Amino acid sequence: MSQPLTLLVLAAGLGSRFGGFKQIAPVGPNGEVILDYSIFDALRAGFDRVVMVIRPELEQPLREHFAEFLTPDLQVDFVFQEMTDLPEGFSVPEDRKKPWGTSHAVLAGRKVISGPFGVINADDFYGEDSYRVLADNLRTLPLNTQCLVGFNLLKTLSPNGTVSRGLCQVDAAGNLSDVVELTKIEPDGAGGAQALDSGTPVPLNPNDVVSMNMWGFGAEVLDDLWRLFSDFLADNIGNPKAEFYIPTAVDVLIKEGKATCRVRPSGSPWFGITYPEDKAETVASIQALVNAGKYPSHLR
């Protein structure tokens with residue numbers, strides 16, 4: 001009998017570019033949020049449980065929302081991403097205002113996760129096929145093997161500003177060989193993409209595979225992430241803007257020879273909300289899927 005599958009949802013982001021709690025921004029025809037569709041897709045792909053990584057002020061709004069939109073027998077656990085959750089010997093600097101990043105958010109679930117788990121962002125719409133790919137791979141992951149559901153770079157950009165993406169290199173066997181977190185990617189105005197992280201535009205291949213933080217892990221990765229988080233803090237504790245990203249941690253584990261990561265493409269369209277202007281397009285995209293019969297007009 002296969003182990004139960006947990007979906008770990010990263011929902012503790014500040015939403016600074018959106019200007020509010022985009023985790024609960026309504027986008028469906030009856031007030032559904034992106035996360036409602038994510039959980040709907042995950043359940044029909046075979047996930048059994050949801051763990052939400054949040055900030056304390058989001059717990060009550062999310063509980064109230066889920067009571068209306070999700071089936072009552074679904075197990076949903078809430079854990080907090082707290083800046084004070086640090087390895088021994090470290091403390092939060094006075095000028096630190098933002099969370100420690102997505103790898104640290106994953107670590108927030110370490111006390112309640114004991115088996116294979118998927119990771120998603122709360123504000124990204126990944127589509128039904130993506131969850132089936134993720135679930136199918138999680139059921140067959142050997143020890144120290146991971147899975148990334150990859151997306152086409154050009155199809156994940158916003159016309160309204162820069163976005164963060166993990167730029168991936170995939171070897172002939174379909175495994176991740178290198179991943180670099182870029183935090184300022186935008187369309188180049190000529191049908192391609194460019195990165196602005198260095199201050200000077202760097203052209204990117206628009207057909208490259210990128211990470212949208214849809215990962216599959218075995219529980220053993222949590223010990224590795226805690227170790228790498230300690231290394232990250234040793235190098236970056238004095239930088240108030242440094243973040244411990246999942247792609248960065250996975251890249252280190254691959255180069256250490258301690259992990260292999262399968263890359264599997266999704267056949268579903270991706271869309272999400274980074275800026276307020278992205279919401280209208282997301283609403284229209286979901287309505288089109290409802291009209292096509294991909295989702296019921298009322299999820300519950």
Side-chain angles (χ1 to χ4, degrees), residues 1-11 33-53 70 74-77 102-103 105-110 112-153 155-156 165-166 168 170 173-176 179 209-222 224-225 245-247 249-251 253-254 259-272 289 294-295 299:
M1 183 176 178
S2 60
Q3 295 186 68
L5 301 182
T6 295
L7 185 68
L8 183 71
V9 181
L10 308 185
V33 302
I34 286 179
L35 187 52
D36 295 323
Y37 293 94
S38 299
I39 294 175
F40 182 86
D41 284 335
L43 291 177
R44 59 179 173 176
F47 282 86
D48 306 280
R49 173 193 180 205
V50 175
V51 175
M52 299 279 301
V53 182
L70 297 184
L74 173 66
Q75 180 183 352
V76 180
D77 295 309
T102 51
S103 281
V106 171
L107 284 168
R110 68 189 183 279
V112 298
I113 292 175
S114 58
F117 65 99
V119 176
I120 64 166
N121 292 333
D123 53 345
D124 286 315
F125 185 101
Y126 299 99
E128 178 183 5
D129 180 68
S130 302
Y131 289 92
R132 295 195 185 279
V133 170
L134 182 60
D136 289 347
N137 277 270
L138 277 175
R139 294 186 185 101
T140 60
L141 284 184
L143 189 68
N144 295 320
T145 303
Q146 304 157 2
C147 173
L148 167 66
V149 180
F151 293 83
N152 177 277
L153 168 60
K155 295 179 180 179
T156 69
R165 302 289 182 256
C168 303
V170 184
N175 294 324
L176 189 66
V179 57
V209 175
V210 295
S211 159
M212 297 300 303
N213 268 351
M214 192 174 208
W215 300 89
F217 296 110
E220 70 277 358
V221 78
L222 296 168
D224 285 320
L225 290 181
Y245 295 112
I246 296 173
V250 169
D251 190 58
L253 293 176
I254 291 171
T260 300
C261 184
R262 305 169 178 173
V263 179
R264 298 295 183 261
S266 170
S268 294
W270 170 92
F271 46 87
L289 290 170
K294 300 295 185 181
Y295 297 92
L299 287 183

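Please read these numbers as outputs of a predicted model, since none were measured by experiment.
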Between the side chain of [X] and the main-chain N/O of [Y], is any donor-acceptor distance below 3.5 Å?
X    : Y    : result
R49  : P4   : no
D251 : V179 : yes
D224 : V221 : no
Y131 : F40  : no
N137 : C147 : no

To the nearest 0.5 Å, tell me how far [X] [atom1] sits from [Y] [atom2].
X    : Y    : atom1 : atom2 : value
L143 : E220 : CG    : CD    : 4.5 Å
L253 : Q146 : CG    : CD    : 6.0 Å
M52  : L35  : CE    : CG    : 4.5 Å
I120 : I39  : CD1   : CD1   : 7.0 Å
D48  : L74  : CG    : CG    : 9.5 Å

Do you know the tightest heavy-atom contact between [X] and [Y]?
X    : Y    : answer
A249 : L225 : CB-CD2, 3.5 Å
V53  : A108 : CG1-CB, 3.9 Å
S268 : S130 : OG-N, 3.7 Å
C261 : I254 : CB-CD1, 4.1 Å
R44  : Y295 : NH2-CE2, 3.2 Å
D123 : I34  : O-CD1, 3.5 Å

Considering only heavy atoms from C-beta outward, does the side chain of [X] approach that of [Y] to under 4.5 Å?
X    : Y    : answer
L5   : R139 : yes
L138 : F47  : yes
R264 : L148 : no
L289 : F125 : yes
T102 : W215 : no
V9   : S38  : no
D124 : N213 : no

- Item | side chain to side chain contact (heavy atoms under 4.5 Å, CB included) assessment of V250 paired with I246 | CA-CA 6 Å; V250 169; I246 296 173; 4.1 Å; yes
- Item | V149 and its side chain to side chain contact (heavy atoms under 4.5 Å, CB included) partner, picked from V263, L134, V209 |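 It is L134, the one option of V263, L134, V209 that forms the side chain to side chain contact (heavy atoms under 4.5 Å, CB included) with V149.
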- Task: Give the C-alpha distance, both sets of side-chain angles, the deciding distance and a yes or no for side chain to side chain contact (heavy atoms under 4.5 Å, CB included) between V106 and F117.
- Result: CA-CA 10 Å; V106 171; F117 65 99; 4.0 Å; yes
- Stepwise side chain to side chain contact (heavy atoms under 4.5 Å, CB included) check, Y126 with N121: CA-CA 9 Å; Y126 299 99; N121 292 333; 3.5 Å; yes
- Message: Under the criterion side chain to side chain contact (heavy atoms under 4.5 Å, CB included), I'd like the reasoning laid out for F151 against S266: C-alpha separation, chi angles, the key distance, then a yes or no.
- Response: CA-CA 6 Å; F151 293 83; S266 170; 3.8 Å; yes
